[in-house]
Amino acid sequence: MAAGRLGLRDVTERRVNRLRLLAPLRYLSIHHPEKTTYDVIAPVGATIVVSILYLWIHPRLAIFGDAGVLRFTRDLLIMGVPFMIGALAAVAMGAPGGSQLDRRPAGADLVLDGRALTLRQFVCYLLGYLSFLGMVVLMLSIAAAILHDPVMVWVTNFPKLAGPIRTAGVVVLAFLLSCLTITIFWALYFLTDIVNRAS
């Protein structure tokens, strides 16, 4: 097999038991004093605020259709996801060795599996997570647009479910967009400030 000739041991040997396509989610396992705030607390807080505002405002903002939130989300992610994947490739394949990216960041260590990460490693995990999250949000927004009409036809048989289904959809969308947006702002802060700080 070609993988054996190329020496890609990770493809032929399974030393770690995890789903490989979910590897970008390892970003969430990185430990740092500030990271929990940006990974969990801020997205959950933003989700609660956005959900309450959506349910409180009348008339409610459109989710579907040409002027709906999902259309703008798709348009943004169609441009943004390839850019994030390209940025990940540029960082991951950049010249190793004497680069500024191959040092540890100033301040508290970023730790994964008991070892401190370099800036390059952390940025790769960060961009991988953003790319993964962007792809998930893009696929779910496309699926929601495609399934909207059939689900609404089905819901007419169970009118009491219409409200809870709509609310659940809004909460899930708000959470995913909050995670994506806050992580993008965290990445911008990290890449413009932390990376350029002296060790």
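Across all their heavy atoms, Leu77 and Gly134 have their closest contact at CD1-O, 3.7 Å. In plain terms, the two heavy atoms of Val81 and Met135 that are nearest each other are CG1-SD, 3.5 Å. Residues Asp109 and His32 approach most closely at O-CD2, 3.7 Å, considering heavy atoms. When all heavy atoms of Gly128 and Leu88 are compared, the pair lying nearest together is CA-CD2, 3.9 Å. Of all heavy-atom pairs between Ala116 and Gln121, the closest is O-OE1, 4.2 Å.
Pairs of residues two or more places apart, or lying in two chains, that qualify as ring pair (Phe, Tyr, Trp, His ring centres under 6.0 Å) and include a residue from residues 47-79 are Phe64-His148. Screening residues 33-55 for salt bridge (charged side-chain N to carboxylate O under 4.0 Å, His left out) gives Lys35-Asp39 as the qualifying pairs, with residues at least two apart or on separate chains.
Both Val91 and Leu188 sit in one connected hydrophobic cluster of ILVMFWY residues. Membership requires side-chain heavy atoms under 4.5 Å apart, directly or through other members. When the side chains of ILVMFWY residues are joined at heavy-atom separations under 4.5 Å, either directly or via intervening members, Val151 and Ile63 end up in two distinct hydrophobic clusters. The hydrophobic cluster containing Met152 does not contain Phe158, counting ILVMFWY residues as joined when their side-chain heavy atoms lie under 4.5 angstrom apart, directly or transitively. Residues Leu176 and Leu55 share a single hydrophobic cluster, defined by chaining ILVMFWY side chains whose heavy atoms lie under 4.5 Å apart. In the hydrophobic clustering of this structure, Tyr189 groups with Leu130; members are Ile, Leu, Val, Met, Phe, Trp, Tyr whose side-chain heavy atoms approach within less than 4.5 Å, directly or through other members.
Side-chain contact between Phe190 and Leu119: present, with at least one pair of heavy atoms (C-beta onward) separated by less than 4.5 Å. Taking the side chain as every heavy atom from C-beta outward, Phe175 and Cys179 approach each other to under 4.5 Å.
Ile57 CD1: more than 12 foreign heavy atoms inside a 6.0 Å radius.
Judged purely by atom type and a 3.5 angstrom limit, Thr183 has no side-chain atom pairing as donor or acceptor with the backbone of Leu180.
Rounded to the nearest 0.5 angstrom, Ile142 CD1 and Leu138 CG are separated by 4.0 Å. Atom CE in Met84 sits 11.0 Å away from atom CE in Met79 (nearest 0.5 Å). Here the CG atom belonging to Asp113 is positioned 7.5 Å from the OG atom belonging to Ser29, to the nearest 0.5 angstrom. Note that CG of Asp75 is 11.0 Å distant from CG of Leu70, once rounded to the nearest 0.5 Å. Distance check: Leu117 CG to His31 NE2 gives 10.5 Å after rounding to the nearest 0.5 Å.
Through direct or indirect side-chain contacts shorter than 4.5 Å among Ile, Leu, Val, Met, Phe, Trp and Tyr, Ile41 is connected to no other residue.
Remark: aromatic rings of Phe185 and Tyr38 are distant, center separation not under 6.0 Å.
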Got a list of side-chain donor-acceptor pairs under 3.5 Å for residues 44-51, not counting sequence neighbours?
unit_1 : atom_1 : unit_2 : atom_2 : d
Thr47  : OG1    : Pro43  : O      : 2.7
Ser51  : OG     : Thr47  : O      : 2.8

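Residues satisfying the side chain to side chain donor-acceptor pair (under 3.5 Å) test with Tyr125, not counting sequence neighbours, are Arg26. With sequence neighbours excluded, the residues that form a ring pair (Phe, Tyr, Trp, His ring centres under 6.0 Å) with Tyr129 are Tyr27.
For the side-chain contact (heavy atoms from CB on, under 4.5 Å) with Phe132, the lone residue among Leu127, Ile85, Leu22, Val137 that qualifies is Leu22.
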Could you walk me through whether Trp186 and Leu191 pass side chain to side chain contact (heavy atoms under 4.5 Å, CB included), step by step? CA-CA 8 Å; Trp186 162 243; Leu191 293 171; over 6 Å; no
